[in-house]
Enquirer: 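Provided herewith is a single structure, encoded as structure tokens, for subsequent inquiry.
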Amino acid sequence: MIEIELDGKKVDIIEGSMIMHAADKAGTYIPHFCYHKKLSIAANCRMCLVDVEKMPKPMPACATPVTQGMIVRTKSEKAIKAQQSVMEFLLINHPLDCPICDQGGECQLQDIAVGYGASSSRYEEEKRVVAVKDVGPLISMQEMSRCIHCTRCVRFGQEVAGVMELGMSHRGEHAEIETFVGLSVDSELSGNMIDICPVGALTSKPFRYSARTWELSRRKSISPHDSTGANLIVQVKNNKVMRVVPLENEAVNECWIADRDRFSYEALNSDERLTTPMLKQGGTWRSVDWQTALEYVANGLKQIKAEHGAASLGALVSPHSTLEELSLASHLMNGLGSQNIDYRLRNAEFMPIEGVRYLGCSIADLSDLQRVLVIGSSLRKDHPLFAQRIRQAVRKGCAVHALQSEVQDWAMPLATTMVCDVNHWAQALADIAAAIALDLSMEPPAAGTATDTAKAIAKSLQSGERKAILLGNAAAHHAKASTLLALANWIGVQTGATVGYLTEAANTVGAQLVGAVPGENGLNAGQMLAGQLKAVLLLNNEPEFDSAAGGKATSAISQAQMVVTLSPFKSNMAFSDVLLPIAPSTETSGTFINAEGRVQSFHAVVKPLGETRPAWKVLRVLANLLDVPGFDFDSSEDVLRQMCWLPPAGEFYVKAEMLNNVTQTVPDLTPATVAPVVARIYTLDGTVRRATSLQLTADARIADPEHEVAA
């Protein structure tokens with residue numbers, strides 16, 4: 001640590017830090033545009049010029065290292081005049097169109113110009129004009145004349161997203177930020193460029209001209225999509241979600257969110273929303289009131305139970321549902337005498353439950369890994385924010401190894417890629433285990449061949465200190481999932497690496513914890529999707545798109561006497577008998593447990609649309625009509641309180657002893673016969689599938705007609 005003097009105050013700061021870091025620590029504001037705490041230093045806006053004693057001219061605070069005894073003045077006449085001069089130059093070509101700019105009211109340039117700009121300009125020449133650019137459905141570059149060339153967007157692409165999609169061409173007054181040879185911006189994290197742009201050059205195309213920032217209410221929420229549990233600020237006007245931006249949480253999503261989290265709100269306001277209960281009569285759908293719909297469901301379930309027994313009833317639930325909804329669905333089925341409930345719609349293997357599968361480490365730990373082996377994951381598309389964490393680790397020297405069925409672009413350098421047929425992944429892991437066993441002079445867990453690639457991965461995993469083996473969605477849904485886990489665990493024990501699942505959905509861990517899985521004699525999702533039920537409850541899912549059965553699920557479920565769909569959208573209409581409109585995550589309170597076991601509760605940000613009701617309320621009333629005891633809840637918080645295993649107030653994580661990735665499975669290297677089914681990035685859930693702008697992206701256009709692919 002060294003000591004400097006900043007505006008008369010002593011500040012202790014780590015050697016090698018910049019003046020800007022010392023100012024942040026001291027709580028002193030220095031105006032800036034190009035500096036961002038998560039990006040490298042460019043020092044090209046010069047707005048942060050400060051007065052450093054014994055320096056002949058003002059110095060940029062973001063790029064000037066501190067030295068012992070340095071004296072810095074940020075408010076001296078010399079510093080202020082320098083900053084005012086920079087602002088004058090920045091405004092020479094700026095169009096000054098604040099009244100029509102989407103950034104108006106939250107623009108750094110606008111704010112700083114109030115303090116450092118003049119009331120008039122000395123320049124009379126014509127302002128420059130930059131050509132309009134179309135870079136895709138998410139980001140608008142219609143007003144690049146506003147750009148001040150801070151290059152934040154360029155550095156974000158290079159350093160965080162891992163893809164340099166924007167760059168600066170030409171020089172001087174002809175310089176401009178653009179994609180090259182007319183390409184679009186296709187990164188799954190591209191929307192963050194909108195947030196970090198300090199002016200209105202990059203704006204949100206779906207939000208464009210929809211509202212002014214001061215008209216919006218800001219409410220906290222949690223992403224209902226992948227297992228990161230990204231913290232969100234949902235911006236609302238007239239009880240309508242208008243925009244979604246990140247809420248900074250260093251332990252989870254830092255200050256970033258994926259485009260899936262940012263733009264999926266479009267579906268909430270779409271014509272696809274189900275706003276009233278509906279019954280199918282004579283092949284025709286008609287709207288009814290809630291009492292009629294729920295009594296129809298209750299009477300139908302009672303009749304089917306009486307005729308065919310409780311074992312003929314079952315529920316297929318989505319891991320994107322809240323903890324409260326999943327808990328009540330499980331209790332409802334158990335109360336009816338059925339053990340048929342499952343959230344594992346895309347799984348191909350259904351082994352006895354041995355433990356709650358989770359990430360195996362904290363999300364923040366991913367940024368500091370030194371060695372990592374990823375098995376069966378399209379990492380960049382399945383888990384964009386986990387991928388950027390590992391990308392940070394790679395920038396620090398981490399060696400990343402991948403076991404995949406094809407070469408994929410993860411937007412980061414891979415030390416080794418082991419490519420083999422998806423049905424032979426178990427053998428590939430056995431080969432790595434054999435290479436480790438050879439080095440350690442011990443028996444391998446299964447017969448394998450120490451190939452050169454296997455040896456390279458084994459050698460890497462045996463070095464370093466912070467290591468992880470991560471199983472992706474394809475590994476979790478694999479027909480040999482338990483064998484893959486058993487081999488990964490053996491490798492983890494021998495190399496000192498943690499072992500965990502990236503987990504697919506917002507509440508995959510929560511679904512396991514509340515017991516949304518079949519009981520000892522219950523049917524699993526595969527059996528239920530094969531048509532073995534007389535009555536089916538579908539909570540927040542569409543089997544055609546959300547299950548391993550795909551299109552076959554439609555005909556199989558159609559054989560049931562009654563199919564009840566609880567969904568925010570008009571879905572499953574081909575085979576359902578009843579549609580009950582339930583609230584999406586923005587219209588209900590609830591809880592998600594992310595991949596690391598972090599418990600995050602949230603409140604509704606808008607009122608339910610039309611006759612929509614929170615699913616926990618629908619399940620409560622349905623249970624009362626069915627005379628199932630133990631459903632006397634007045635709020636989702638009441639439902640949560642019955643889960644005594646949750647951490648006490650003020651703590652975030654589920655108890656460590658409740659989570660484990662241990663398995664007693666003996667590895668079976670017989671090749672699998674079916675490929676795992678994995679959702680593409682913009683087909684993960686019903687909300688994302690109905691977000692118009694996301695479905696216009698390059699990632700959505702390459703999705704196959706079945707909305708699924710083997711990883």
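Everything quoted here is computed from the prediction, not taken from an experiment.
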Enquirer: Under the criterion side-chain contact (heavy atoms from CB on, under 4.5 Å), I'd like the reasoning laid out for S693 against K205: C-alpha separation, chi angles, the key distance, then a yes or no.
Expert: CA-CA 9 Å; S693 296; K205 192 171 279 189; over 6 Å; no

Enquirer: Are the side chains of S567 and L538 in contact, using a 4.5 Å heavy-atom criterion?
Expert: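 No, side chains not in contact.
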
Enquirer: Which pair of heavy atoms, one from L622 and one from L294, lies closest together, and at what distance?
Expert: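 Scanning both residues, the minimum pair turns out to be CD1-O, 4.0 Å.
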
Enquirer: More than 12 heavy atoms of other residues, nucleotides or ligands under 6.0 Å from NE2 of H308: yes or no?
Expert: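 More than 12 within 6.0 Å, yes.
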
Enquirer: Using modelled atom types and a 3.5 Å cut-off, is there a donor and acceptor pairing between side-chain atoms of E544 and backbone atoms of N572?
Expert: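 No.
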
Enquirer: Between R357 and Y501, is NZ or CZ placed under 6.0 angstrom from the six-membered ring centre and within 45° of the ring axis?
Expert: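 Verdict for Y501: no cation-pi partner in R357.
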
Enquirer: If only atom types and distance count, is the side chain of Q235 paired as donor or acceptor with the main-chain N or O of R243 below 3.5 Å?
Expert: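 Here the side-chain-to-backbone pair does not exist.
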
Enquirer: Apply side-chain contact (heavy atoms from CB on, under 4.5 Å) to the pair V606 and L268, showing each step before the final yes or no.
Expert: CA-CA 11 Å; V606 292; L268 306 176; over 6 Å; no

Enquirer: Any cation-pi pair here, R620 with F631, using under 6.0 Å and within 45°?
Expert: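 Verdict for F631: no cation-pi partner in R620.
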
Enquirer: So which of E266, E611, E587 actually passes salt bridge (charged side-chain N to carboxylate O under 4.0 Å, His left out) with R273?
Expert: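 Going through E266, E611, E587 one by one, the salt bridge (charged side-chain N to carboxylate O under 4.0 Å, His left out) with R273 is satisfied by E587 alone.
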
Enquirer: Decide if atom CD of Q291 counts as having more than 12 heavy atoms of other residues, nucleotides or ligands within a radius under 6.0 Å.
Expert: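 It does not: Q291 CD has 12 such atoms or fewer within range.
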
Enquirer: Taking all non-hydrogen atoms of both residues, which atom of T554 and which atom of F575 are closest, and how far apart?
Expert: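 Distance-wise, the nearest heavy atoms are CG2-CD2, 3.6 Å.
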
Enquirer: With sequence neighbours excluded, what pairs up with E657 under the side chain to side chain contact (heavy atoms under 4.5 Å, CB included) test?
Expert: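 So E657 forms a side chain to side chain contact (heavy atoms under 4.5 Å, CB included) with K655.
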
Enquirer: Does NZ in K617 sit with more than 12 non-hydrogen atoms of other residues, nucleotides or ligands closer than 6.0 Å?
Expert: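 Not buried by this count: 12 neighbours or fewer within 6.0 Å.
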
Enquirer: Any donor-acceptor pair under 3.5 Å linking the side chain of N540 with the backbone of L566?
Expert: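 Checked: no pair found.
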
Enquirer: Out of curiosity, T697 OG1 to R260 CZ, how far, rounded to the nearest 0.5 Å?
Expert: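 One finds 11.0 Å between OG1 of T697 and CZ of R260.
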
Enquirer: Examine the side chains of T228 and N253 and answer whether a donor and an acceptor come within less than 3.5 Å of each other.
Expert: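 No donor-acceptor contact under 3.5 Å links the two side chains.
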
Enquirer: Distance from E324 atom CD to T322 atom OG1, nearest 0.5 Å?
Expert: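 Rounded to the nearest 0.5 Å, the CD-OG1 separation comes out at 4.5 Å.
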
Enquirer: Between S635 and W616, which heavy-atom pair has the shortest distance, and what is it?
Expert: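 The answer is CA-CH2, 3.3 Å.
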
Enquirer: Any heavy-atom pair between the side chains of M573 and L579 that's under 4.5 Å?
Expert: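 When only atoms from C-beta onward are counted, M573 and L579 do touch, with a gap below 4.5 Å.
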
Enquirer: Under a 3.5 Å threshold, yes or no: a donor from one side chain and an acceptor from the other, between D546 and N541?
Expert: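 No, no side-chain donor-acceptor pair sits under 3.5 Å.
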
Enquirer: Between atom CG of L659 and atom CG of L513, what is the distance when rounded to the nearest 0.5 Å?
Expert: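 Result: 6.0 Å between the selected atoms.
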
Enquirer: Is there side-chain contact between V639 and L328, with at least one heavy-atom pair below 4.5 Å?
Expert: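 Side-chain contact under 4.5 Å: yes.
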
Enquirer: Would you tell me whether S482 and E349 have side-chain atoms, one donor and one acceptor, within less than 3.5 Å of each other?
Expert: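 Yes - a donor-acceptor pair under 3.5 Å links their side chains.
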
Enquirer: Roughly how far apart are N507 CG and S585 OG, rounded to 0.5 Å?
Expert: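 These two atoms lie 11.5 Å from each other.
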
Enquirer: Nearest 0.5 angstrom please: M562 CE to K280 NZ, how far?
Expert: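 These two atoms lie 12.0 Å from each other.
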
Enquirer: Between the main-chain N or O of M242 and the side-chain N or O of Y265, is there a donor-acceptor pair closer than 3.5 Å?
Expert: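 Flag set: sc Y265 to bb M242 pair under 3.5 Å.
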
Enquirer: Salt bridge or not between R689 and E272? Use side-chain N to carboxylate O under 4.0 Å.
Expert: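 No, this pair does not count.
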
Enquirer: List the atom of R598, the atom of Y653, and the distance in Å for their closest heavy-atom pair.
Expert: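 That closest heavy-atom pairing would be NH2-OH, 2.7 Å.
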
Enquirer: Looking at side-chain heavy atoms only, is the closest gap between W256 and P246 below 4.5 Å?
Expert: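 W256 does not reach P246 side chain to side chain.
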
Enquirer: I want to check something: taking the side chain as every heavy atom from C-beta on, are L580 and V578 in contact at a cut-off of under 4.5 Å?
Expert: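 Side chain of L580 against side chain of V578, heavy atoms only: contact under 4.5 Å found.
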
Enquirer: Tell me, do H477 and E504 make a side-chain contact under 4.5 Å, heavy atoms counted?
Expert: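 Touching, per the 4.5 Å side-chain cut-off.
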
Enquirer: Looking only at non-hydrogen atoms, find the nearest pair between A211 and L216 and report the distance.
Expert: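 Answer, listing the atom of A211 first, then L216: CB-CD2, 3.9 Å.
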
Enquirer: Check the pair S204, R262 against side-chain contact (heavy atoms from CB on, under 4.5 Å), reporting the backbone distance first and the verdict last.
Expert: CA-CA 10 Å; S204 168; R262 184 184 300 272; over 6 Å; no

Enquirer: With a 4.5 Å cut-off on side-chain heavy atoms, are T665 and L485 touching?
Expert: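 The answer is no, as the side chains (C-beta and beyond) never meet within the 4.5 Å cut-off.
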
Enquirer: Output yes when a side-chain donor or acceptor of N239 lies under 3.5 Å from a complementary backbone atom of K607, and no otherwise.
Expert: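 Judged by distance alone, yes, a pair lies under 3.5 Å.
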
Enquirer: Can you tell me how far the CD atom of E354 sits from the CG atom of N661, to the nearest 0.5 Å?
Expert: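 It is 11.0 Å, given to the nearest 0.5 Å.
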
Enquirer: Are T508 and S227 linked by a side-chain donor-acceptor pair shorter than 3.5 Å?
Expert: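 S227 and T508 do not have a side-chain donor-acceptor pair below 3.5 Å.
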
Enquirer: Is it the case that over 12 heavy atoms from other parts of the model lie below 6.0 angstrom from the CD atom of Q664?
Expert: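 Open: at most 12 neighbouring heavy atoms sit under 6.0 Å from CD of Q664.
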
Enquirer: T588 and F602: which non-hydrogen atoms are nearest, and at how many Å?
Expert: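 Between these two residues, the closest heavy atoms are O-CE1, 3.4 Å.
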
Enquirer: Is a donor on one side and an acceptor on the other found under 3.5 Å between the side chain of N340 and the backbone of A311?
Expert: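 Answer holds: yes.
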
Enquirer: Would you mind writing out the side-chain donor-acceptor pairs for residues 522-535 within the sub-3.5 Å range, not counting sequence neighbours?
Expert:
{"residue": "N524", "atom": "OD1", "partner": "G526", "partner atom": "N", "Å": "3.0"}
{"residue": "N524", "atom": "OD1", "partner": "Q527", "partner atom": "N", "Å": "2.9"}
{"residue": "Q527", "atom": "OE1", "partner": "N524", "partner atom": "N", "Å": "2.9"}

Enquirer: Assess whether a salt bridge exists between R690 and E542, defined as any Lys/Arg side-chain N lying under 4.0 Å from an Asp/Glu carboxylate O.
Expert: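 Yes, R690 and E542 are salt-bridged.
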
Enquirer: Among I593, L323, N594, exactly one meets side-chain contact (heavy atoms from CB on, under 4.5 Å) together with Q600. Which residue is that?
Expert: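 Testing each of I593, L323, N594 against Q600, the sole residue satisfying side-chain contact (heavy atoms from CB on, under 4.5 Å) is N594.
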
Enquirer: Indicate whether any N or O donor in one side chain lies under 3.5 Å from an N or O acceptor in the other, for D261 and H225.
Expert: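 There is no such pair (donor and acceptor under 3.5 Å, judged by atom type) between the side chains of D261 and H225.
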
Enquirer: Without swapping roles, check the side chain of R701 against the backbone of L696 for a donor-acceptor pair under 3.5 Å.
Expert: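 Checked: pair present.
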
Enquirer: L502 versus L359: any side-chain heavy-atom pair under 4.5 Å?
Expert: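 Yes, close enough: below the 4.5 Å cut-off.
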
Enquirer: Go through it in stages, so that I can follow the logic: the residues are K305 and L313, the test is side-chain contact (heavy atoms from CB on, under 4.5 Å), and I'd like the CA-CA distance, side-chain angles, deciding distance and then a yes or no.
Expert: CA-CA 7 Å; K305 179 182 176 181; L313 312 178; 4.2 Å; yes

